[in-house]
Student: 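Provided herewith is a single structure, encoded as structure tokens, for subsequent inquiry.
In what follows, every heavy atom counts, from backbone to side chain, and hydrogens, waters and symmetry copies are set aside.
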Amino acid sequence: MRHAPDATSGMPRAPEPGSRVSPKADAASWFRDLFDRIEPGLRGRYRMGLALLAADAGFAALPLLAGAWVIGEIAADTWDSGKAWIAAAIVVSSFLARLVVMPAGFARGFEAGYGAVAGLRLALFAHLRRLGLGTTSRIGAARLSDLVIHRFRWFEEEAGYGLGRQIGHAILTLALILALAHVHLAFLGTIALLVLIAALVYRRVDRAFARLARDQASLVANAAERMVEYLTGLPVLRALGQVGAHADAYRRQVEALHAFYRGTIGTVAPLVSAARILLDLALLSLIAVAVGLFAFGALGAPGLVVALVLVLLLQPPLEASIGEGFMLRLVGDAHGRAAAILDQPPLDEGAETPRSGEIRFEDIRFGYDSDRPVLDRFDLVLPAGKVSAVIGSSGAGKSTLLTLIARAFDGQAGRITIGGQDIRSVPLDRHLARLGVVPQDVVLFSDTLANNLRIARPEATEAECRAAAERACCSDFIAQLPEGMETRLGEGGYDLSGGERQRVAIARALLKDAEIVLLDEATSALDAESEHGVVEGLQALRMGRTVVMIAHRLQTVARADHVVVMEAGRVVDSGTPAELAARCPLYRELWDAYRDTERWRLSDHGLRD
Ligand SMILES: Nc1ncnc2c1ncn2[C@@H]1O[C@H](COP(=O)(O)OP(=O)(O)OP(=O)(O)O)[C@@H](O)[C@H]1O
């Protein structure tokens, strides 16, 4: 196969991961979406949490306003002890109120906000299960984990308390603006003008920032993707002595990310500086208005002092609000990514009850890129209850056949039927439940051998696991394992050879009692004992099942009931091995090529042994 197998299914993976998942939801829509995901019972609490945080900001504003008022009174020489008591009462009562209101607000925000993000994670998970394997592998595991683990952290923080903080900044700013308007209405006009200018600038800054957020997310995900790919392929790369060569792909991604960050110095730095300078200019223009009003006699000295204090108090919440705005933009981007995945159409769920029978490809057209078909006007019948071996040169489309039967992708035209029934009309879960997949590269999870078998049927008893293992000819190597069926396999555990792994996969298919088995025979050299075990295991598997296998060995081709010879996306001929040997030149050519490969394999073994 020319593409890496998917880690869980072993079926071929689509190319470019995730490039089609582009953010499309705007920054504001995430909150609406999130709110909808909060359990109805918690929505009231979330609203209450935000209201409490808004109230907290109001209580935070009161001492500041009282301070400005005190300064004004002193400047006007009207200060007395009665007013001092009032000011003290405002400060103390606001402080006490905040002690109660703020924690209550944050607690409710946390509870509902984090719950809502958990809801989004689960929705994403449920949706991914309904997507075709082709689509999920195109998105890519590393890209998904970056989104769900890393980027959703921002989501949780913003939903939990960032949004509440932003509301607080807004309320504090509004209270100070109203106080300024109370000093003189001219401030209100100036602020309206400044808000208009800020809105225009912010739109540009926001767009540029959105672009940056999107590029950064893609580059981080690409680097993660390469790292996962590298680690997954490390054993093979080591064996080929290519460890260094392939590491370049990861290095290139990291360098691209670094170059991006260096490049942002030219974009982010001016953007952030522009936003800050603009804020300073806005505050300076308010100070200029205050001084102008004083100079033209529209404002007395006490009014000027109060106005200056209020303008200075405006600076911290506005600055914090700009920073929070950038954070909200990043969350908008993460939400856009999640929304794009949720928008991917799931495979047709189907509704009818499946029946088993022959597998038919009827006028199928399929291409990984829809404008470059791999199969076109493709017809094929794979008889029920028989072993069909598919043979053909590399790139003929053999893996694509299995991929389509497993519904990793759906064809762009035509239909595939099993027992006369379009596989798209069968509920996906039920369709997959009747398939057993024995890939070339069998994935072992880091768990016991028994549990590795139970993946096929979690409720299987120990005796059933043992029986399946025995029928798949696993008993000999299980006897060698330190703890038999309870030996830990996979990462950090006991490793199995290629032939042993294939037998484990055969045992899984037996345990599942799959009606249809899709098998990609190992091309790697197996020692004679392993090879014999796999062949015997296959014999156990074929009993009454429809087996479709990509065959790489003469023995399995010769033992098949039905052979399909493929070339360049076409079926050249099909029939029993004897029929094909008599009439199909390509079959004979392939047969000779297989025989040469096997001789080479044997002599290679001989040399190594
Ligand atoms: N994920 C993919 N994206 C794009 N093209 C692909 C993909 N997988 C396979 N192809 C192309 O589809 C064609 C058929 O490939 P396929 O893997 O089905 O052939 P095959 O007969 O199984 O080959 P092999 O024996 O080498 O595994 C080839 O031209 C291949 O390059």
Side-chain angles (χ1 to χ4, degrees), residues 5-11 125-126 129 133 353-356 384-385 387 405-407 418 426-522 526 529-530 532-549:
D6 177 79
T8 48
S9 67
M11 298 304 284
F125 181 66
R129 287 175 47 189
L133 286 181
T353 313
R355 293 188 304 271
S356 191
V387 176
I405 298 173
R407 291 198 69 198
I418 296 179
V426 176
L428 185 62
D429 283 356
R430 285 159 86 171
H431 174 63
L432 297 178
R434 59 183 171 167
L435 297 186
V437 179
V438 181
Q440 268 205 36
D441 304 305
V442 178
V443 175
L444 294 178
F445 294 92
S446 55
D447 205 337
T448 61
L449 172 59
N451 285 342
N452 261 287
L453 293 181
R454 273 198 197 97
I455 283 165
R457 186 154 60 87
E459 71 282 4
T461 62
E462 201 187 318
E464 286 171 324
C465 290
R466 209 167 274 287
E470 203 166 308
R471 288 177 64 206
C473 295
C474 300
S475 309
D476 57 337
F477 75 81
I478 292 177
Q480 308 295 323
L481 294 175
E483 291 166 65
M485 296 281 284
E486 294 310 310
T487 309
R488 279 197 89 76
L489 306 178
E491 214 171 303
Y494 205 88
D495 203 5
L496 298 183
S497 73
E500 290 163 348
R501 280 167 178 257
Q502 276 228 318
R503 280 181 271 166
V504 167
I506 291 172
R508 279 178 181 159
L510 285 167
L511 197 60
K512 187 175 178 183
D513 199 17
E515 281 166 45
I516 298 163
V517 175
L518 306 178
L519 194 146
D520 191 356
E521 203 177 16
L526 304 182
E529 202 175 311
S530 233
H532 177 73
V534 171
V535 171
E536 290 305 308
L538 288 179
Q539 284 302 106
L541 199 56
R542 62 193 297 171
M543 302 296 180
R545 291 188 175 81
T546 306
V547 179
V548 186
M549 60 152 60

Student: Determine, stepwise, if the pair D476 / R503 fulfils salt bridge (Lys or Arg N to Asp or Glu O under 4.0 Å).
Tutor: CA-CA 11 Å; D476 57 337; R503 280 181 271 166; 3.3 Å; yes
Student: Apply side-chain hydrogen bond (donor to acceptor under 3.5 Å, both in side chains) to S475 and list each qualifying residue two or more places apart in sequence or on a separate chain.
Tutor: none
Student: Quick check: closest heavy atoms across V426 and R434, and the distance to 0.1 Å?
Tutor: CG2-NH2, 4.0 Å
Student: Can you list the residues that meet the side-chain hydrogen bond (donor to acceptor under 3.5 Å, both in side chains) rule with E470, with sequence neighbours excluded?
Tutor: none
Student: Distance-only, no hydrogens or angles: does the T546 side chain make a donor-acceptor pair with backbone N or O of G385 under 3.5 Å?
Tutor: yes
Student: Does any non-hydrogen side-chain atom of V438 lie less than 4.5 Å from one of D520?
Tutor: no
Student: Please enumerate all residues that pass salt bridge (charged side-chain N to carboxylate O under 4.0 Å, His left out) together with R471, with sequence neighbours excluded.
Tutor: none
Student: What are the two closest heavy atoms between M485 and A469, and how far apart are they?
Tutor: SD-CB, 4.5 Å
Student: Could you tell me which residues satisfy side-chain hydrogen bond (donor to acceptor under 3.5 Å, both in side chains) with E486, sequence neighbours excluded, listed by chain and number?
Tutor: none
Student: Can any side-chain N or O of H431 pair as donor or acceptor with the backbone N or O of R407 at less than 3.5 Å?
Tutor: no
Student: Rounded to the nearest 0.5 Å, how far apart are CG of L496 and CZ of F477?
Tutor: 5.5 Å
Student: L453 and C465: which non-hydrogen atoms are nearest, and at how many Å?
Tutor: CD1-O, 3.8 Å
Student: From L489 CG over to L481 CG, what is the distance, rounded to the nearest 0.5 angstrom?
Tutor: 7.0 Å
Student: If I take atom SG from residue C473 and atom CD from residue E500, how far apart are they, to the nearest 0.5 angstrom?
Tutor: 12.5 Å
Student: Tell me, please, which residues at least two apart from E483 pass salt bridge (charged side-chain N to carboxylate O under 4.0 Å, His left out).
Tutor: none
Student: Do L519 and V548 come close enough that some side-chain heavy atom pair is under 4.5 Å?
Tutor: no
Student: Can you list everything that forms a side-chain hydrogen bond (donor to acceptor under 3.5 Å, both in side chains) with N451? Sequence neighbours excluded, please.
Tutor: D447, T448, R454
Student: Any salt bridge (Lys or Arg N to Asp or Glu O under 4.0 Å) pairs touching residues 457-466, not counting sequence neighbours?
Tutor: R457-E464, E462-R466
Student: Can you list the residues that meet the side-chain contact (heavy atoms from CB on, under 4.5 Å) rule with P458, with sequence neighbours excluded?
Tutor: none
Student: Could you go through residues 504-514 and list every donor-acceptor pair under 3.5 Å that involves a side-chain atom there, pairing it with any protein atom two or more places apart or in another chain?
Tutor:
| residue | atom | partner | partner atom | Å |
| --- | --- | --- | --- | --- |
| R508 | NE | N452 | O | 2.8 |
| R508 | NH1 | V443 | O | 3.3 |
| R508 | NH2 | V443 | O | 3.2 |
| R508 | NH2 | N452 | O | 3.4 |
| R508 | NH2 | N452 | OD1 | 3.1 |
| K512 | NZ | L432 | O | 2.9 |
| K512 | NZ | L435 | O | 2.5 |
| D513 | OD1 | R545 | NH2 | 2.7 |

